[in-house]
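What follows is a single structure, written as structure tokens, with notes after it.
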There are 4 protein chains.
Amino acid sequence: MSREDKKRDKKNRLLDAARRSFAEKGFRKTTVDEIVDRAQVAKGTFYLYFKNKESVFKELVELLERRYKSLREKMRQEKDLEDKLYFFAKGYFSLLEDNRDLARIGLFNFDHVDESLKKFFIRLQTFQVDSIKEEIIAAGFILEEPRKAALAFVGMVNYFAAHYVLNPDRPFSPEKDARFVVDLFFKGIPAK
Amino acid sequence: MSREDKKRDKKNRLLDAARRSFAEKGFRKTTVDEIVDRAQVAKGTFYLYFKNKESVFKELVELLERRYKSLREKMRQEKDLEDKLYFFAKGYFSLLEDNRDLARIGLFNFDHVDESLKKFFIRLQTFQVDSIKEEIIAAGFILEEPRKAALAFVGMVNYFAAHYVLNPDRPFSPEKDARFVVDLFFKGIPAK
Amino acid sequence: MSREDKKRDKKNRLLDAARRSFAEKGFRKTTVDEIVDRAQVAKGTFYLYFKNKESVFKELVELLERRYKSLREKMRQEKDLEDKLYFFAKGYFSLLEDNRDLARIGLFNFDHVDESLKKFFIRLQTFQVDSIKEEIIAAGFILEEPRKAALAFVGMVNYFAAHYVLNPDRPFSPEKDARFVVDLFFKGIPAK
Amino acid sequence: MSREDKKRDKKNRLLDAARRSFAEKGFRKTTVDEIVDRAQVAKGTFYLYFKNKESVFKELVELLERRYKSLREKMRQEKDLEDKLYFFAKGYFSLLEDNRDLARIGLFNFDHVDESLKKFFIRLQTFQVDSIKEEIIAAGFILEEPRKAALAFVGMVNYFAAHYVLNPDRPFSPEKDARFVVDLFFKGIPAK
DNA sequence: AATGAATGAGCCTTCATTCAT
DNA sequence: TATGAATGAAGGCTCATTCAT
């Protein structure tokens with residue numbers, strides 16, 4: 001391993017350890033000691049790569065943000081709204097399955113960090129809703145309040161996600177669930 | 001004020017102060033010092049009324065739970081499903097408007113407390129979903145997975161609620177929003 | 001019960017409760033709350049009868065002191081030294097059997113109280129040794145250091161007492177044990 | 001001083017400070033603040049070397065135990081019982097003279113610590129008595145209750161020790177005092 | 001770059017004592 | 001005399017961060 005690789009390695013190990021700890025116990029309950037123990041790195045080393053405890057958290061959230069953004073880029077390439085939303089939901093659920101820890105952080109570590117990070121989080125959520133809203137409008141749907149429709153859709157998706165994260169043992173199928181929420185969104189629940 | 005009244009008053013002041021602090025900064029970041037400062041009460045007094053910091057928190061969450069349960073009882077008295085769901089959503093939004101702090105605790109202080117409280121929270125969420133699921137089934141809707149429909153509905157409602165709590169300055173109308181989610185749930189978004 | 005009796009009753013109940021608590025957990029570990037709980041008396045009442053926590057302790061030790069003193073008075077009435085010492089040892093052991101709690105306080109709560117009480121304790125111990133020393137001298141024994149003989153005797157007696165208190169389940173016979181230490185004191189252990 | 005040496009030094013300074021404080025005021029009255037002040041070390045450092053306040057105490061008592069045990073080993077090498085007991089008493093007194101603080105802890109901090117430590121203390125005392133008892137039996141003395149003889153001997157020795165610790169200004173001579181208690185044990189006090 | 005010993009501010013909790021009723 | 005709510009100083013312990021090596 002080259003010197004440069006070794007360096008990246010330590011930082012990655014720290015990010016990895018932090019991600020798992022934050023997911024398990026939340027931001028405040030996680031200690032730097034625990035992170036460095038997990039990463040098999042000396043305590044001082046942590047402060048070589050991160051300004052403080054908050055900054056490693058921020059870096060993880062930014063990672064999540066990048067994934068959200070790339071999800072949106074891909075969603076845009078689908079042609080009609082139904083496909084886009086299906087893609088978004090399925091992509092979101094899959095992202096979750098692959099990154100349960102990260103998702104858990106995004107979903108539940110909302111408060112408890114400093115003001116700037118809180119705003120960052122709100123922006124992240126707003127970003128999701130706005131992306132969907134734009135797609136709805138672009139698709140030509142004439143709604144009094146398109147934002148609300150977006151909110152509702154994202155709400156369903158996130159709640160499915162949250163329940164998935166909280167009940168990891170329940171069966172979960174990204175395709176079927178994405179289908180379900182998209183159908184509901186367009187047609188409502190099937191009549192009796 | 002009688003001695004007994006004074007006593008009740010002190011406890012209420014503490015509950016009130018705790019509620020606001022938890023809502024502002026979450027459980028871990030809130031200090032007992034801050035709570036007693038807000039309540040204008042000596043530190044020792046806090047421990048006269050609560051076993052420890054966690055127990056005030058628990059008491060607040062139980063308050064929330066009781067409101068949820070009474071909401072369900074009232075919902076049951078409506079006659080058809082549409083009315084029930086409308087009632088639930090509207091009631092939930094109003095409850096929120098009156099108890100923004102409490103709701104904030106319920107929505108965002110998920111992690112960061114001890115294991116028993118976490119389970120309590122999960123139970124609370126499950127309770128909401130199950131209540132709706134039962135109503136859907138009782139109404140005679142034949143769905144492959146009624147739980148998912150309930151999940152989707154509660155998801156929409158909660159997400160509206162969350163955004164309301166996070167953006168307190170945006171206009172918010174319990175009736176209109178409840179109408180919106182119920183319509184969406186039954187009919188999907190209006191066609192172009 | 002007369003008014004005066006009632007008063008005495010409360011004070012006695014407090015003394016009693018304190019005695020038991022001090023014996024169980026020592027002076028520092030015992031809380032005033034625990035004492036008043038045991039005595040079934042309000043907290044404020046404690047401070048009606050005692051200046052502070054230390055003073056109830058002092059009162060108990062003084063009780064112990066009075067019993068020691070009366071033991072000495074009785075011992076003096078015996079005619080020869082052997083009888084005196086036998087009487088002292090037996091009396092001490094019996095006193096212990098009847099007042100195990102009090103004895104426990106005397107034996108093990110040595111430190112942990114303020115300087116004045118510590119001196120009081122030392123005086124109490126010194127008193128025992130000196131009483132015996134005087135008797136030895138009065139009996140006409142010519143020893144280079146009569147104090148040491150007294151020390152040795154009191155040491156044996158106290159150690160028997162301590163072991164009795166610490167191992168309450170072991171059989172304990174005041175008469176036999178008193179006989180044993182007195183014989184040892186005068187004749188040494190029996191030859192092989 | 002090397003890093004490793006510095007570390008050992010800090011721990012030793014803490015042990016030393018703790019020993020003195022415990023000896024002066026007992027376990028409960030001693031504060032961690034006081035210990036770290038004495039050791040000229042930051043408060044956090046204390047918890048680097050000891051799990052909690054109780055654990056320093058335990059470490060000191062274990063030190064005492066090791067000394068007792070090594071005393072017994074040496075005692076065993078003497079050939080006849082009289083020499084053994086003389087050796088034991090003298091060794092104990094000397095140990096005391098060198099470690100007055102430690103001894104003080106052993107003699108007077110009996111209660112006031114948690115249950116496990118209390119048992120540890122009782123074991124320590126029992127250990128002394130049993131050691132002597134075995135020696136008496138091994139020496140061929142036929143006694144109805146050899147344990148009582150051992151108890152009496154240890155009692156004398158400990159009481160001499162206690163008085164020495166409590167009255168540090170009185171002259172104290174390990175050899176003479178050891179001689180005294182051994183003679184008394186074998187022959188009783190000299191006749192008039 | 002890497003280490004891990006050292007720091008001390010900050011937090012939760014206990015408890016002896018006071019005081020209004 | 002009796003009560004028990006109220007107080008706040010004091011103590012044990014944690015943990016993010018620094019710094020000498």
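Naming: A, B, ... by sequence-line order, numbering from 1 per chain.
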Nearest whole angstrom, please: distance from the P of F/dG4 to the CG of C/Asp37. 11 Å
C/Asp37: which residues meet the side-chain contact (heavy atoms from CB on, under 4.5 Å) condition with it, sequence neighbours left out? none
Using the side-chain contact (heavy atoms from CB on, under 4.5 Å) criterion, which residues pair with C/Tyr47? Sequence neighbours excluded. C/Val32
Base versus backbone protein contacts along nucleotides 13-18 of chain F [heavy-atom cut-off under 4.0 Å; B, S, -]: BBSBBB
Whole Å only: how far is the CD atom of D/Gln40 from the P atom of E/dA6? 15 Å
Tell me: NZ of B/Lys7 to P of E/dT21, nearest whole Å? 16 Å
Does a nitrogen or oxygen in the side chain of D/Tyr49 sit under 4.0 Å from OP1 or OP2 of E/dA5? no
Of the candidate nucleotides E/dT3, F/dT1, F/dT3, which contains the atom at the shortest distance from the side chain of A/Lys10? E/dT3
So what is the 5' to 3' dot-bracket string for DNA chain F, if pairs are Watson-Crick or G-U wobble with both distances under 3.5 Å, crossing pairs use [ ] and | means the partner sits on another strand? .||||||||||||||||||||
Touch class at under 4.0 angstrom, heavy-atom based, for B/Phe50 against every strand present: nothing
note: B/Asp5, atom CG; F/dG4, atom C1'; distance rounded to Å ~ 16 Å
Check every atom of E/dA5, E/dT21, E/dG8 against the side chain of B/Lys6 and return the nucleotide holding the closest atom. E/dT21
Taking only residues two or more places apart in sequence, or in another chain, which ones meet B/Leu48 in a side-chain contact (heavy atoms from CB on, under 4.5 Å)? none
Restricting to side-chain contact (heavy atoms from CB on, under 4.5 Å), what partner residues turn up for B/Arg100, sequence neighbours left out? B/Glu97, B/Tyr164, B/Val165, B/Pro168
For D/Lys10, give me all partners under side-chain hydrogen bond (donor to acceptor under 3.5 Å, both in side chains), at least two apart in sequence or on another chain. none
Partner residues of A/Arg38 under the salt bridge (charged side-chain N to carboxylate O under 4.0 Å, His left out) criterion, sequence neighbours left out: A/Glu24, A/Glu34
With rounding to the nearest 0.5 Å, note down the distance linking CG in B/Asn12 to CG in B/Asp5. 10.5 Å
Rounding to a whole Å, what distance do you find between C/Glu34:CD and E/dT14:P? 14 Å
For the ring pair A/Tyr68 and A/Phe127, is the centre-to-centre distance below 6.0 Å? no
Using ring-ring contact (aromatic ring centres under 6.0 Å, His included) as the criterion, list what pairs up with C/Phe50, not counting sequence neighbours. C/Phe46
